[in-house]
Amino acid sequence: MPELPEVEVTRLSFVNQISGAKVLSARLGKPLRWSLGCPENDLVGRTVLDVRRRGKYLLLDLDEGLLLIHLGMSGSLIFAQQLSPDGAHDHFAMVTSRGTLRLHDPRRFGAVVHATHEDDPMARKLLGRLGVEPLSDSFVLPQFQARLKTRNTAIKQVLLAGDVVVGVGNIYASEALFLAGIRPTAKAAKLSGPRIAKLHAAIRDVLARAVATGGSTLRDFSSANGESGYFQLEAMVYAREGQACRVCGSAVKAIKQGQRSTFYCPSCQKR
DNA sequence: CACGGATCCTGATGGC
DNA sequence: TGCCATCAGGATCCGT
């Protein structure tokens, strides 16, 4: 569900409020993909120093240790002074001196994990293989090109895998490939330099615009303020099967790659 | 190391 | 209305 822009918008929506807050209590509901790894009580008394993002993970820096939060497919975070009682799908809640942070996640593919530091085994397992941050200065063309050269699989799948570049999920993968004019099934290793350059720019462009417009195209996305998602960025191809391409008018096609839906324009993305 | 597929879970939607 | 199948924004694990 949340891709990089949604996670980043969530982070921005509560980082300033929660920074400096002291944890008063914490509770876990049903098990998530990974659940804490320490008693809830160990969080009590900690101070939240900052909230960072790595890929689709949020990192809550505490005065001792940190919390890694992933929203999975269906997760969202709310941070507020006054919250209604926890509902059926609220599986983590942390009351602080500045408000309560709550994870709502029906499918429970999300995770809330405590790590003593960023190098501890669990943190390394979750963060260790992540690729480069697409909106950072370290996302540079030569390395991107070199990494793609080693992959004999479809470029869409490589983007989703997240070990080359992080944060591109199923929606933005289709969108970025459309912007770059690249067929999602093209073998990553066979893409020419100029086409990789276009893709590099397209990834940055689509993600940055989504962050700037407050987080996307997502139907039910809402930031941790509870502000609901707006449709400020129109999808060019995602979920538009059979509809006219916004550029050339051809019918948008849908295919499956690794059991995920992919959308593309057969005319604008010939190879 | 790289690849493809199965897998975790719940809710919404569409066909019959 | 009920029942069943399919699909959904993720990413890890396992066998090859």
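Within every chain, numbering begins at 1; the chains are lettered A, B, ... in the order of the sequence lines, protein sequences first and strands thereafter. Only heavy atoms go into these numbers, but all of them, side chains included; no hydrogens, no water, no symmetry mates.
One atom, CD of A:Q257, and another, C1' of C:dC7, lie 17 Å apart when rounded to the nearest Å. Distance CD (A:E3) to P (C:dG10): 5 Å, rounded to an integer number of Å. Counting to the nearest Å, the P atom of C:dG10 and the CZ atom of A:R33 are 13 Å from each other. If you measure from atom CD of A:E6 to atom C1' of C:dA8, you get 14 Å, rounded to the nearest angstrom.
On a pure distance criterion of 3.5 Å, a polar donor-acceptor pair joins the side chain of A:R107 and the base of B:dC9.
Between A:N170 and the choices A:K156, A:Q257, A:E3, A:E175, the side chain to side chain donor-acceptor pair (under 3.5 Å) rule is met once, by A:K156.
Looking at heavy-atom distances under 4.0 Å, A:R260 makes contact with a base. Contacts of A:R108 with the nucleic acid, taken as non-hydrogen atoms under 4.0 Å apart, involve only primed sugar atoms and P, OP1 or OP2.
Relative to the side chain of A:T153, the nucleotides B:dC3, C:dC7, B:dT10 differ in distance, and B:dC3 lies closest. Comparing C:dC7, B:dT10, B:dT7 against the side chain of A:Q259 picks out B:dT7 as the nearest. Closest contact between the side chain of A:K125 and the listed nucleotides B:dA2, C:dA8, C:dC13 involves C:dC13. Of the candidate nucleotides C:dC13, B:dG11, C:dC7, C:dC13 has the atom nearest to the side chain of A:W34. Of all nucleotides listed (B:dT10, C:dA11, C:dA8), C:dA11 comes nearest to the side chain of A:H70.
Atom OH in A:Y264 sits 10.5 Å away from atom NZ in A:K270 (nearest 0.5 Å).
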Step-by-step side chain to side chain donor-acceptor pair (under 3.5 Å) determination, A:K22 to A:T47:
CA-CA 4 Å; A:K22 195 166 212 175; A:T47 297; 5.5 Å; no

So A:F139 and A:F144, ring pair (Phe, Tyr, Trp, His ring centres under 6.0 Å) or not? Walk me through it.
CA-CA 7 Å; A:F139 185 39; A:F144 186 45; 5.1 Å; yes

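The aromatic ring of A:F109 does not stack onto the base of B:dC9, failing the criterion of a centre distance under 5.5 Å from the six-membered base ring together with planes under 30° apart.
A distance of about 14 Å separates the P atoms of B:dA6 and C:dT6, rounded to the whole Å. When the P atom is compared between C:dA11 and B:dA12, the two are found 23 Å apart, to the nearest whole Å. Rounded to the nearest Å, the gap between the P atom of B:dG5 and that of C:dC7 is 15 Å.
A:V132 is connected to A:I196 through a chain of hydrophobic side-chain contacts under 4.5 Å among Ile, Leu, Val, Met, Phe, Trp and Tyr, so both are in one cluster.
Listed pair A:H89 / B:dC9 fails the phosphate criterion, with no side-chain N or O lying under 4.0 Å from OP1 or OP2. Phosphate contact (OP1/OP2 of C:dA11, side-chain N/O of A:K56, threshold under 4.0 Å): present.
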